[in-house]
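Before any comments, here is the structure.
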4 protein chains.
Amino acid sequence: MAPLNEEQLENIRNERKIQIMRAALKTFAENGIKLTKISLIAKEAGISHGLVYHYFKSKEEVLYESLEWAMELNETHEYLNELSKMSVSPLEKVRQFTKYALSSSKSENSHIFRVIQHLENTDGIPSHILDFTRNVGIMYVEFFIPIFIEGQEAGEFIQGDPEEIVGLFLTIISGVMADDPDFWHENMDRKIEIFMRMITTR
Amino acid sequence: MAPLNEEQLENIRNERKIQIMRAALKTFAENGIKLTKISLIAKEAGISHGLVYHYFKSKEEVLYESLEWAMELNETHEYLNELSKMSVSPLEKVRQFTKYALSSSKSENSHIFRVIQHLENTDGIPSHILDFTRNVGIMYVEFFIPIFIEGQEAGEFIQGDPEEIVGLFLTIISGVMADDPDFWHENMDRKIEIFMRMITTR
Amino acid sequence: MAPLNEEQLENIRNERKIQIMRAALKTFAENGIKLTKISLIAKEAGISHGLVYHYFKSKEEVLYESLEWAMELNETHEYLNELSKMSVSPLEKVRQFTKYALSSSKSENSHIFRVIQHLENTDGIPSHILDFTRNVGIMYVEFFIPIFIEGQEAGEFIQGDPEEIVGLFLTIISGVMADDPDFWHENMDRKIEIFMRMITTR
Amino acid sequence: MAPLNEEQLENIRNERKIQIMRAALKTFAENGIKLTKISLIAKEAGISHGLVYHYFKSKEEVLYESLEWAMELNETHEYLNELSKMSVSPLEKVRQFTKYALSSSKSENSHIFRVIQHLENTDGIPSHILDFTRNVGIMYVEFFIPIFIEGQEAGEFIQGDPEEIVGLFLTIISGVMADDPDFWHENMDRKIEIFMRMITTR
DNA sequence: TATGAATGAGGTTTCATTCAT
DNA sequence: CATGAATGAAACCTCATTCAT
């Protein structure tokens with residue numbers, strides 16, 4: 001029988017890699033970097049541990065590629081894009097984002113945030129990975145700074161160094177996302193309203 | 001030399017246990033449950049790793065006894081006691097507590113919080129321990145509820161279900177404590193002021 | 001297209017086997033038995049690793065069949081044949097052979113010697129293979145004995161039991177071949193002259 | 001009961017390390033670097049594999065320290081020392097050394113030479129180890145150069161670049177040592193006499 | 001016939017736990 | 001009570017071998 005053609009192989013390969021990366025992100029998010037065993041990732045992906053090494057050189061590479069992949073496809077990017085185009089007030093934009101972040105905090109989408117959170121508390125992570133994730137954080141900060149400035153000018157947000165305020169706000173959100181995700185599902189709107197008071201005037 | 005009497009031996013034994021538990025809490029707090037090695041605890045305590053097993057049956061038992069011990073003597077209790085007796089406004093009490101919590105987040109005192117945080121993200125913790133730690137949380141909530149009610153009556157705090165608001169506030173604090181402790185040391189007062197806006201009226 | 005007939009298929013099959021065996025010998029020679037990975041042989045042969053298992057049952061079988069094949073067609077046989085027919089002195093014959101052996105020690109031709117060398121230092125090789133390779137050694141000894149006797153009669157070679165002297169000479173040559181092959185390329189003629197002094201009269 | 005005192009511990013530690021290094025050298029010599037499994041070393045030393053890691057950080061460190069240790073205590077050093085002080089002819093010195101080298105080729109003493117031989121044919125050996133072993137080789141060459149020069153002046157040895165001749169001689173000896181050690185035990189004196197002819201005049 | 005995806009045994013290394021002293 | 005030597009289970013990773021296509 002003829003071997004599979006290049007396209008079919010490419011499909012299998014991609015599917016498998018994604019299958020593994022999805023499982024990896026989930027497992028890294030739940031267990032932290034060091035505690036995630038390759039065997040767990042493999043079990044989560046429904047494959048043998050050996051196959052993980054067919055597609056990735058090492059656990060480290062699984063982590064790194066999974067992060068890259070998740071960043072690329074992370075809906076949050078799209079979401080930020082849409083958000084920046086919406087014709088609503090800066091206040092509303094931030095409120096929407098907060099809701100989005102906290103409501104997704106149990107979904108696949110949030111795994112990457114939790115993994116990044118873990119990364120920062122873990123020793124011995126290669127610097128190229130740390131650089132990568134730090135850039136992600138910086139990207140968020142830079143996305144929100146103009147929105148905050150606009151909000152300050154409109155009198156919606158408190159005064160002060162926008163970078164500092166945005167940093168504080170995102171730090172707290174990410175700290176909270178890593179925490180118990182169920183907490184936020186009950187009465188979410190009310191909770192978010194309280195949360196937002198930190199940065200809103202009025 | 002006369003042999004030590006029963007009581008003296010018991011004292012020495014207790015001293016040692018405390019020495020180990022103190023070291024254990026610190027190490028568990030910094031590294032998480034699974035990543036904490038007995039040898040690290042022993043080194044932190046300045047003893048041999050073998051000795052740990054004279055006083056505790058297993059790593060798990062070190063963890064549980066350390067938690068129990070820390071809860072019993074946690075200064076935070078004392079601090080809460082003092083706080084409740086202070087003749088300052090509810091707002092000021094909460095501000096003080098917030099500052100205390102965040103500024104201690106690198107001190108011995110905060111270890112227990114971080115360990116509890118770790119516990120909740122770790123599988124296979126026996127339920128009696130989890131119950132135990134959950135009670136800690138409930139205790140805090142119950143401590144602050146009357147203070148919040150008082151503050152609401154004085155018009156200092158926002159209106160709403162006090163239990164819910166206190167829960168939200170403490171959840172965010174604990175999420176934030178598990179995060180990078182250094183973040184809070186810079187400009188702490190300003191950051192706390194922003195943080196407090198969540199619950200204060202204007 | 002008409003299907004290939006039985007003979008053509010057999011030819012293709014043989015071509016492939018030879019292609020694999022040639023690659024295997026080289027790889028075994030360079031890396032030793034246990035350290036040679038099937039994937040390396042496959043890469044050297046320019047095929048997929050899976051295909052190796054169509055032609056051979058196991059890595060072991062690749063080794064054995066490769067050895068047998070190489071022995072059958074080893075150019076050295078031809079070379080020895082030519083050598084025996086040359087009308088030069090025994091001394092010159094041995095010198096030529098020595099040069100041939102050492103200069104080929106990086107060529108395909110020498111792979112089999114190096115593999116045999118490896119075999120002798122490897123545990124768990126089935127005895128029929130070991131017998132087989134030992135016979136190779138004996139064959140060489142027997143080839144050279146008459147030449148040495150002739151040389152001794154001509155006063156070119158030192159006196160003594162020819163079998164012992166030939167054994168010694170070949171042992172040293174084979175020990176030396178397994179060593180760094182580059183060493184011999186520099187100043188080869190001078191080195192060989194020194195080497196030959198062992199057995200020549202002055 | 002009181003713990004062992006420092007001296008007793010030191011004794012145990014040293015004994016164990018030596019026990020492991022002795023086993024390691026033997027195993028490395030017999031199987032090569034890559035093929036030597038820690039479990040084999042442990043079995044040869046009669047201990048558990050875990051204990052090897054109590055005394056050495058890694059397989060690599062076992063190798064390196066074993067080599068260092070073997071070099072330090074290698075009788076060959078002493079032997080060379082004695083040799084240099086003997087009042088015999090250079091020819092006799094070299095003959096003695098040859099005999100010593102070949103007769104020890106199955107003893108513990110020779111393991112180090114075989115290990116070094118393996119090292120040179122193995123990829124991925126850290127350069128500090130290679131440097132170390134190369135220095136060993138250079139040391140031997142430098143030891144023998146003056147003896148050869150003296151021998152040349154006395155007309156005992158063949159003329160030519162002493163460094164080259166010594167290099168050739170030692171290369172052949174080491175190649176031969178790595179080979180079948182039993183071969184040399186029979187009729188050793190006669191074989192050595194033939195071997196020596198390479199470099200002697202007369 | 002040919003490919004490479006998939007598996008799992010086996011090797012290295014770490015570390016909780018036991019135990020002789 | 002105290003030490004650290006010793007063990008072995010379990011994690012990472014490699015690679016011979018099988019198998020669907």
Side-chain angles (χ1 to χ4, degrees), chain A residues 1-6 8-13 15-17 34-42 46-62, chain B residues 4 9 12-13 16 34-42 47-60 62, chain C residues 4 9 12-13 16 34-42 47-60 62, chain D residues 1-6 8-13 15-17 34-42 46-62:
Chain A
M1 242 174 287
L4 297 174
N5 67 37
E6 193 51 38
Q8 290 171 305
L9 282 175
E10 190 62 22
N11 282 343
I12 292 180
R13 268 202 295 272
E15 213 172 285
R16 279 283 175 279
K17 279 195 85 161
K34 280 264 174 64
L35 290 182
T36 290
K37 308 162 211 167
I38 285 289
S39 62
L40 257 187
I41 294 178
I47 58 172
S48 73
H49 71 269
L51 193 55
V52 175
Y53 288 95
H54 195 64
Y55 291 100
F56 302 90
K57 263 202 345 266
S58 64
K59 183 173 154 179
E60 198 183 274
E61 199 183 286
V62 175
Chain B
L4 298 174
L9 280 175
I12 291 178
R13 195 172 168 80
R16 272 284 192 249
K34 283 266 173 60
L35 291 181
T36 290
K37 307 165 207 170
I38 284 288
S39 62
L40 260 186
I41 295 178
I47 58 170
S48 73
H49 65 268
L51 192 54
V52 175
Y53 286 90
H54 266 278
Y55 293 98
F56 302 92
K57 244 184 28 239
S58 66
K59 185 174 149 178
E60 259 198 353
V62 176
Chain C
L4 299 174
L9 279 175
I12 290 178
R13 195 173 167 80
R16 273 283 191 249
K34 283 265 172 65
L35 290 182
T36 289
K37 306 165 208 171
I38 284 288
S39 62
L40 259 186
I41 295 177
I47 58 170
S48 73
H49 64 268
L51 193 54
V52 175
Y53 286 88
H54 266 280
Y55 293 99
F56 302 91
K57 247 188 22 244
S58 65
K59 183 174 152 179
E60 259 198 352
V62 175
Chain D
M1 240 172 288
L4 297 173
N5 67 37
E6 193 51 38
Q8 289 171 305
L9 283 176
E10 190 62 22
N11 282 344
I12 292 180
R13 268 202 296 272
E15 212 171 286
R16 278 285 175 276
K17 279 197 84 160
K34 279 264 174 64
L35 290 182
T36 290
K37 309 163 211 166
I38 286 289
S39 62
L40 257 186
I41 295 178
I47 57 173
S48 74
H49 69 269
L51 193 55
V52 176
Y53 287 93
H54 195 65
Y55 291 99
F56 302 91
K57 261 202 346 265
S58 64
K59 184 173 154 180
E60 198 182 271
E61 197 182 288
V62 175

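On a predicted model such as this, the values are computed, not experimentally measured, just so you know. Here is the naming used below: chain letters follow the sequence lines, and residue numbers restart at 1 for every chain.
- Using modelled atom types, no side-chain atom of A:Lys57 and backbone atom of A:Val62 make a donor-acceptor pair closer than 3.5 Å.
- Put simply, CD1 on A:Ile41 is 16 Å from P on E:dA6, counting in whole angstrom units.
- Residues forming a side-chain hydrogen bond (donor to acceptor under 3.5 Å, both in side chains) with D:Glu60 (at least two apart in sequence, or on another chain): none.
- For the side-chain hydrogen bond (donor to acceptor under 3.5 Å, both in side chains) test, residues two or more places apart in sequence or in another chain that qualify with D:Lys17 are D:Glu65.
- Across F:dC1, E:dA2, E:dG4, the shortest atom-to-atom separation from the side chain of B:Arg13 is found for F:dC1.
- One distance of note links CD1 of B:Ile38 with OG of B:Ser58; it measures 8.0 Å at 0.5 Å rounding.
- Residues meeting the side-chain hydrogen bond (donor to acceptor under 3.5 Å, both in side chains) test with C:Arg13, sequence neighbours left out: none.
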Under 4.0 Å protein heavy-atom contact, by nucleotide of nucleotides 12-18 of chain F - B base, S sugar-phosphate only: SBBSSBB

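- C:Ile41 CD1 to C:His49 NE2: the interatomic distance, rounded to the nearest 0.5 Å, is 12.5 Å.
- A straight line from CD1 of A:Ile12 to P of F:dA20 spans 13 Å, rounded to a whole angstrom.
- Scanning for side-chain hydrogen bond (donor to acceptor under 3.5 Å, both in side chains) contacts around B:Lys37 gives an empty result, with sequence neighbours left out.
- Both A:Val52 and C:Ile47 sit near DNA chain E, but only C:Ile47 has its closest nucleotide nearer the 5' end.
- Rounded to whole Å, atom P of F:dT3 lies 6 Å from atom CZ of B:Arg16.
- Contact annotation: the side chain of A:Asn11 never approaches that of A:Gln8 to less than 4.5 Å [non-hydrogen atoms, C-beta and beyond].
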Dot-bracket encoding of pairs in DNA chain E, which uses [ ] for pseudoknotted crossings and | for another strand, Watson-Crick or G-U under 3.5 angstrom: .||||||||||||||||||||

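- A pairwise comparison of heavy atoms in C:Lys34 and C:Lys59 identifies O-NZ, 3.2 Å as the closest pair.
- For the pair A:Gln8 CD and E:dG4 P, the interatomic distance rounds to 13 Å; values are reported in whole Å.
- One can place CD of D:Glu10 at 15 Å from C1' of F:dT3, the figure rounded to the nearest angstrom.
- For B:Tyr55, the listed nucleotide lying nearest its side chain is F:dA2; candidates were F:dA2, E:dG4, E:dG8.
- The side chain of B:His54 contributes no N or O atom lying less than 4.0 Å from OP1 or OP2 of F:dA2.
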